[in-house]
Amino acid sequence: MCSWNASEAHIVYASDDRFAEILGVSLVSLYENSGDMSSITVYVLDSGITQENKAKIEEVCKSYDRPTPVWIKGLDISEVLSMKVTVDRGSLSQYARLFVAGSLPRELGRVLYLDCDIIIKKSIGGLWNIDLQGKTIGAAKDAFSRSYRANIGLQPNDIMFNSGVMLIDLDRWREQNVEERLLDFISRKKGKIQQGDQGALNAVLTHDICCIDPRFNSVTIYHDFSYREMMIYRKPAEGFYSEEQVEAAANDPSIIHFTTSFLSKRPWIRGCQHRYVNEWLKYKELSPWKSTALWEDDRPRWKQKITGIYRALPNALSVRIAGIAQAYGRPFINRIKH
């Protein structure tokens, strides 16, 4: 049975050098809003972070009188499996979290994994102390259609979750041989998986998840669309969160997750209009990267044009057209590719 200290959180991130600044800003928000936690130990699965950026991240920790991170070399999934593993989303460094149980100290019974593109708005203790009810992980449901489920071998109403926030029972992870099952799934798919590592995690853990309140993972789609529009656009399975739950997650989030969206730039990109962009910028100003320039939007021009076309059409029509592309088109293309 997983045991943990209620006021001593253990947090793990995975990052390459490109996202080191984004990780640093996330840490600032964590420390700013979790002063009630007597101890916060951070582990970073490092996929090539430079010494300069490591020093800045350690500077953040020291400025809040918190221990500097435990740096752990992130394993390369392609090297582990001796095959080319494709990146369907994010970067290959995210696959390092699949090895979380073997990478962290054996005595740890529980850990909270966070993506770098997250800011913590309320104390992390509210999430850290959730009862997982005997499940391996706690995570928030993600709004994907049944076609996405089919592509990774799931039934129409199996749970799909967002893996950017995962509370993990490490003891059970080991007992259930989750790492071995993940590697076997990736091998059987020849390294080509819809949504990459998140797809593999969903395929293996769909029946072993405690669903957490969406306030702990307030994703961008909650801000880009109304609830009704989101249901048309994403067409999630039965049992998705209610309108009241999603609105609460949007209006009063504990954790804001700046996930990618064709309608929104992310807050470190020039011109972002996300509802909580100023929250992210506030923590950037408190970080060693306060003077660094915002990133330019490097999306292909055709993707930028799609956003313009969407906004130019009547909203009801745009949502339905985008919904067909999202719920059916993307998974169909993924099925052909993979």
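Index from 1, following the sequence.
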Parallel, tilted or perpendicular for [X] and [Y], by the 30°/60° rule?
X: W280; Y: W268; result: tilted
X: H10; Y: Y43; result: parallel
X: Y233; Y: F262; result: tilted

Lys/Arg-Asp/Glu bridge criterion (N-O < 4.0 Å) met for R18, D298: yes
Residues E279 and K282 bridged, charged N to O under 4.0 Å: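 K282 and E279: salt-bridged.
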Would you check if [X] and [Y] make a side-chain contact, meaning some heavy-atom pair closer than 4.5 Å?
X: Y31; Y: V42; answer: yes
X: I120; Y: S26; answer: yes
X: F161; Y: N217; answer: no
X: S318; Y: R311; answer: no
X: E8; Y: S38; answer: yes
X: L281; Y: V25; answer: no
X: E229; Y: N315; answer: yes
X: R330; Y: Q194; answer: no

When hydrophobic residues are tied together by side-chain contacts of less than 4.5 Å, even through go-betweens, does [X] share a cluster with [Y]?
X: Y276; Y: L263; answer: no
X: I255; Y: Y13; answer: yes
X: L98; Y: I137; answer: yes
X: M83; Y: I77; answer: yes
X: I306; Y: I324; answer: no

Can you tell me if [atom1] on [X] sees more than 12 non-hydrogen neighbours from other groups inside 6.0 Å?
X: E238; atom1: CD; answer: no
X: D65; atom1: CG; answer: no
X: R106; atom1: CZ; answer: no
X: E243; atom1: CD; answer: yes
X: Y227; atom1: OH; answer: yes
X: R146; atom1: CZ; answer: no

If I take atom [atom1] from residue [X] and atom [atom2] from residue [Y], how far apart are they, to the nearest 0.5 angstrom?
X: R97; Y: I168; atom1: CZ; atom2: CD1; result: 9.0 Å
X: I152; Y: M160; atom1: CD1; atom2: CE; result: 4.0 Å
X: L201; Y: Y95; atom1: CG; atom2: OH; result: 9.5 Å
X: N202; Y: I193; atom1: CG; atom2: CD1; result: 11.0 Å
X: R110; Y: R172; atom1: CZ; atom2: CZ; result: 13.0 Å
X: L30; Y: Y283; atom1: CG; atom2: OH; result: 10.5 Å

Over all atoms of both residues, closest heavy-atom pair of [X] and [Y]:
X: C272; Y: K265; answer: SG-O, 3.1 Å
X: N162; Y: G164; answer: OD1-N, 2.8 Å
X: I124; Y: S34; answer: N-OG, 3.0 Å
X: N151; Y: P331; answer: ND2-O, 2.8 Å
X: H223; Y: S218; answer: NE2-OG, 3.2 Å
X: H274; Y: I256; answer: CE1-CG2, 4.3 Å

Matching residue for F258 among I118, I22, I119, V219 - test: side chain to side chain contact (heavy atoms under 4.5 Å, CB included):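 When I118, I22, I119, V219 are each tested with F258, the side chain to side chain contact (heavy atoms under 4.5 Å, CB included) holds only for I119.
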Step-by-step salt bridge (charged side-chain N to carboxylate O under 4.0 Å, His left out) determination, R266 to D115: CA-CA 14 Å; R266 300 163 102 181; D115 272 354; over 6 Å; no
Steps toward side chain to side chain donor-acceptor pair (under 3.5 Å) verdict (D158, T206): CA-CA 6 Å; D158 281 344; T206 183; 4.6 Å; no
Selection residues 97-124 - residue pairs positive for ring-ring contact (aromatic ring centres under 6.0 Å, His included), sequence neighbours left out: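 Qualifying pairs: none.
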Check whether any side-chain N or O of [X] sits under 3.5 Å from a backbone N or O of [Y] as a donor-acceptor pair, and report yes or no.
X: S264; Y: S261; answer: no
X: K235; Y: I232; answer: yes
X: W128; Y: I11; answer: no
X: S287; Y: K284; answer: yes

Worked verdict on Q326 versus Y148 for side chain to side chain donor-acceptor pair (under 3.5 Å): CA-CA 10 Å; Q326 167 65 30; Y148 280 89; 3.0 Å; yes
Pair D46-K73, side-chain contact (heavy atoms from CB on, under 4.5 Å): steps then yes or no: CA-CA 5 Å; D46 168 23; K73 180 177 173 55; 5.8 Å; no
Test log, rule side-chain contact (heavy atoms from CB on, under 4.5 Å), inputs R299 and T307: CA-CA 11 Å; R299 292 176 302 161; T307 303; 3.7 Å; yes
CA sep, side-chain torsions, deciding dist, call: R270, W295, side-chain contact (heavy atoms from CB on, under 4.5 Å): CA-CA 6 Å; R270 194 180 307 279; W295 301 8; over 6 Å; no
Full working for side-chain contact (heavy atoms from CB on, under 4.5 Å) between Y64 and V28: CA-CA 9 Å; Y64 289 93; V28 171; 3.5 Å; yes
Set of residues satisfying side-chain hydrogen bond (donor to acceptor under 3.5 Å, both in side chains) with respect to T68, sequence neighbours excluded: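 By the side-chain hydrogen bond (donor to acceptor under 3.5 Å, both in side chains) rule, T68 matches no residue at all.
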